Student: 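Sending over a structure as structure tokens; questions will come in a sec.
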Amino acid sequence: MDTDSQDRGPAAPRALATEAVHAGRDDLAGRGLHAPPIDLSTTYPSYDSAAEAARIDAFAATGVLPDGPPVYARLDNPTTGRFETALARLEGADSAVAFASGMAALTAVLLARAAEGLRHVVAVRPLYGCSDHLLDAGLLGTEVAWVDPAGVADAIRPDTGLVIVETPANPTLAEVDIRALAHACGTVPLLVDNTFATPVLQRPLTQGARIVLHSATKYLGGHGDVMGGVVACDEEFARRLRQVRFATGAVLHPLAGYLLLRGLATLPVRIRAASASAAELVRRLAADPRVARVHHPSVGGAMISFEVYGDPHRVIAGVRLITPAVSLGSVDTLIQHPASISHRIVAETDRRSAGVGDRLLRMSVGLEDVEDLWLDLDRALSAPPAPGTAPTHARARESSAAGR
Ligand code: PLP
């Protein structure tokens with residue numbers, strides 16, 4: 001029975017929380033299924049080589065595989081396709097293209113633009129350390145101009161293929177006005193890395209951005225057990241990305257596609273619950289004399305960064321419930337020292353001028369009870385200094401919780 005063709009009438013517009021649960025799964029009930037099937041095939045049989053050749057030619061020319069079974073797992077996978085459909089719906093995009101990691105997704109975007117002769121990139125710091133490194137080292141033959149948001153329009157050249165920003169940014173949680181920045185970009189596409197806000201808090205495409213990128217490893221997966229990346233954009237650019245992905249190979253494994261689709265279903269409730277705890281921790285940290293500054297984005301969310309008067313390494317060494325680890329967006333709370341870990345690869349002067357100081361800690365608040373989190377953090381903030389180091393006394397608090 002071809003249940004795909006069952007027409008159940010036009011779908012009514014659905015709220016984000018409903019899309020999170022149902023997008024990418026609309027055909028399941030008609031197929032007699034509840035959970036999405038996982039297709040692990042690397043290849044698919046075809047007894048008609050001429051027809052297969054025509055389909056491959058069509059994909060190579062257009063980035064779209066004509067209707068019919070997939071050909072090979074590097075072109076297309078139905079399980080990953082469900083995640084792509086769902087994420088596109090959540091971001092309000094025509095299309096989404098999934099990759100093996102967030103860095104693979106950024107690589108594909110840069111290669112797609114460079115293939116059109118547009119090798120110049122304008123970018124706003126801070127970015128995640130490895131994104132900064134990929135651009136700054138010119139590993140893909142691109143050239144970067146680092147500017148602040150006000151300098152974007154002047155930095156654009158005829159060969160500029162992309163403007164890149166993270167908002168809220170990793171790790172300072174600095175925010176930019178997406179609408180104003182998109183305006184400054186003119187015809188050059190603005191890419192917003194939306195990993196920290198997720199479509200639950202912010203949908204950059206509705207504010208003029210043309211490309212949204214996620215490290216799906218973080219909130220979209222949500223459980224710290226799957227690595228992936230995804231780009232949401234118009235269908236024309238998605239076709240270019242699928243061609244690049246086919247040629248370069250950084251596809252998302254279908255098991256990861258399955259886990260990411262499952263993660264999306266709980267994304268809104270996870271973000272809301274963790275954000276409420278984060279807001280409470282921000283209030284307490286901002287009032288704490290051991291803490292110099294607290295950063296929390298105006299869009300909200302579960303990421304906090306804060307600067308301590310004392311030794312930040314003592315806090316990292318002192319936590320017991322909170323996990324001292326890089327990455328973010330998991331059900332459990334994670335804390336790390338960006339200057340040592342997530343942004344280690346960025347040159348010290350660039351790191352510092354982007355606001356990533358040596359006393360900054362970044363915390364991804366999870367789903368634990370907020371009182372347990374505070375107990376752990378409070379104890380870690382009071383951890384005694386390592387033998388031989390002079391204690392640093394708290395001075396007056398410089399600023400309260402305010403997103404920059
Ligand atoms: N973008 C942001 C904002 C990130 O924080 C990260 C990783 O931490 C990435 C991109 C890269 O993603 P991945 O680690 O999935 O390659």
Side-chain angles (χ1 to χ4, degrees), residues 80 83 87 91 96-111 121 123-137 139-140 162 164-176 178 190-199 201-202 204 209 211-232 245 248-253 256-257 259-260 263 271 295 297 299 301-305 323 325-330 334-346 351 354-356 360-365:
T80 298
F83 165 63
L87 191 275
E91 285 289 4
V97 185
F99 295 88
S101 68
M103 291 314 303
L106 181 58
T107 296
V109 171
L110 293 170
L111 289 176
V121 176
V124 178
R125 276 189 168 124
L127 296 179
Y128 162 59
C130 209
S131 305
D132 186 311
H133 174 63
L134 180 64
L135 293 169
D136 208 52
L139 292 177
L140 298 171
L162 205 61
I164 301 184
V165 68
E166 278 176 21
T167 180
N170 185 355
T172 60
L173 308 178
E175 290 172 278
V176 303
I178 296 174
L190 170 63
L191 179 151
V192 172
D193 185 324
N194 203 27
T195 299
F196 276 31
T198 84
L201 300 176
Q202 163 181 288
I211 302 169
V212 164
L213 184 140
H214 284 272
S215 167
T217 315
K218 311 297 175 350
Y219 286 105
L220 304 188
H223 295 72
D225 58 3
V226 57
M227 179 157 266
V230 64
V231 178
R245 184 178 62 178
T248 57
V251 293
L252 185 74
H253 192 276
L259 287 171
L260 290 173
I271 293 287
H295 307 275
V299 293
M303 296 302 299
I304 299 174
S305 59
T323 305
V326 73
S327 200
L328 58 117
S330 185
L334 308 176
I335 194 166
Q336 63 111 18
H337 181 241
S340 300
I341 304 183
S342 63
H343 290 68
R344 187 68 190 170
I345 200 156
V346 180
R351 199 161 68 210
V356 189
L360 187 76
L361 291 165
R362 190 195 73 190
M363 188 161 73
S364 164
V365 179

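Quick caveat: nothing in here was measured; it's all calculated off a predicted structure. Start at 1 with the first residue, then count along the sequence. Whatever order the structure lists ligands and atoms in, that order sets their numbers, starting from 1.
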Student: Do any N/O atoms on Ser215 end up under 3.5 angstrom from N/O atoms on ligand 1?
Tutor: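 N/O-N/O distance below 3.5 Å exists for this pair.
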Student: Applying a heavy-atom cut-off of 4.0 Å, say which part of His214 lies close to ligand 1: side chain, backbone, both or neither.
Tutor: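 For His214, there is no contact with ligand 1 at all, from either part.
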Student: Among protein heavy atoms, which lies nearest atom 9 (C) of ligand 1, and at what distance?
Tutor: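 Going by distance alone, atom 9 (C) of ligand 1 is nearest to Tyr128 CD2, 3.4 Å.
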Student: Within the distance-only criterion (no hydrogens, no angle test), does the side chain of Arg351 pair as donor or acceptor with the backbone N or O of Pro126 below 3.5 angstrom?
Tutor: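 Absent.
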Student: Mind running side chain to side chain contact (heavy atoms under 4.5 Å, CB included) on Ile271 and Leu201 for me, showing each step along the way?
Tutor: CA-CA 8 Å; Ile271 293 287; Leu201 300 176; 4.0 Å; yes
Student: Return the closest protein heavy atom for atom 15 (O) of ligand 1 as residue, atom name and distance.
Tutor: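 For atom 15 (O) of ligand 1, the nearest protein heavy atom is Thr217 OG1, 2.6 Å.
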Student: State which residues pass ring-ring contact (aromatic ring centres under 6.0 Å, His included) with His337; sequence neighbours excluded, sorted by chain then number.
Tutor: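 For His337, the residues satisfying ring-ring contact (aromatic ring centres under 6.0 Å, His included) (neighbours in sequence not counted) are His313.
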Student: Nearest protein heavy atom to atom 16 (O) of ligand 1, by residue and atom, and its distance?
Tutor: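 Among all protein heavy atoms, the one nearest atom 16 (O) of ligand 1 is Met103 N, 2.9 Å.
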Student: Is the closest heavy-atom distance from Gly228 to ligand 1 below 4.0 Å?
Tutor: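 In this structure, Gly228 qualifies as a contact of ligand 1 - some heavy atom is under 4.0 Å.
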Student: Considering non-hydrogen atoms of the protein only, which is the closest contact for atom 7 (C) of ligand 1, and what is the distance?
Tutor: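 For atom 7 (C) of ligand 1, the nearest protein heavy atom is Lys218 NZ, 2.6 Å.
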Student: Which residue and non-hydrogen atom of the protein lie closest to atom 5 (O) of ligand 1, and at what distance in Å?
Tutor: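 For this ligand atom, the closest protein heavy atom is Asn170 ND2, 3.0 Å.
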Student: Only heavy atoms of Gly102, strictly under 4.0 Å: list the atoms of ligand 1 that pass.
Tutor: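 Close to Gly102: 12 (O), 13 (P), 15 (O), 16 (O).
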Student: In ligand 1, which numbered atoms sit nearer than 4.0 Å to a non-hydrogen atom of Glu166?
Tutor: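 Reading through ligand 1 atom by atom, the close ones are 3 (C).
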Student: Go through ligand 1 atom by atom and flag the ones less than 4.0 Å from a non-hydrogen atom of Asp193.
Tutor: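 Per the distance check, 1 (N), 2 (C), 3 (C), 10 (C).
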Student: Below the 3.5 angstrom mark, is there an N/O of Met227, backbone or side chain, next to an N/O of ligand 1?
Tutor: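 No, there is no polar N/O contact under 3.5 Å.
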Student: For ligand 1, which atoms have a heavy atom of Thr195 less than 4.0 angstrom away?
Tutor: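 Under 4.0 Å from Thr195, ligand 1 has these atoms: 1 (N), 2 (C), 3 (C).
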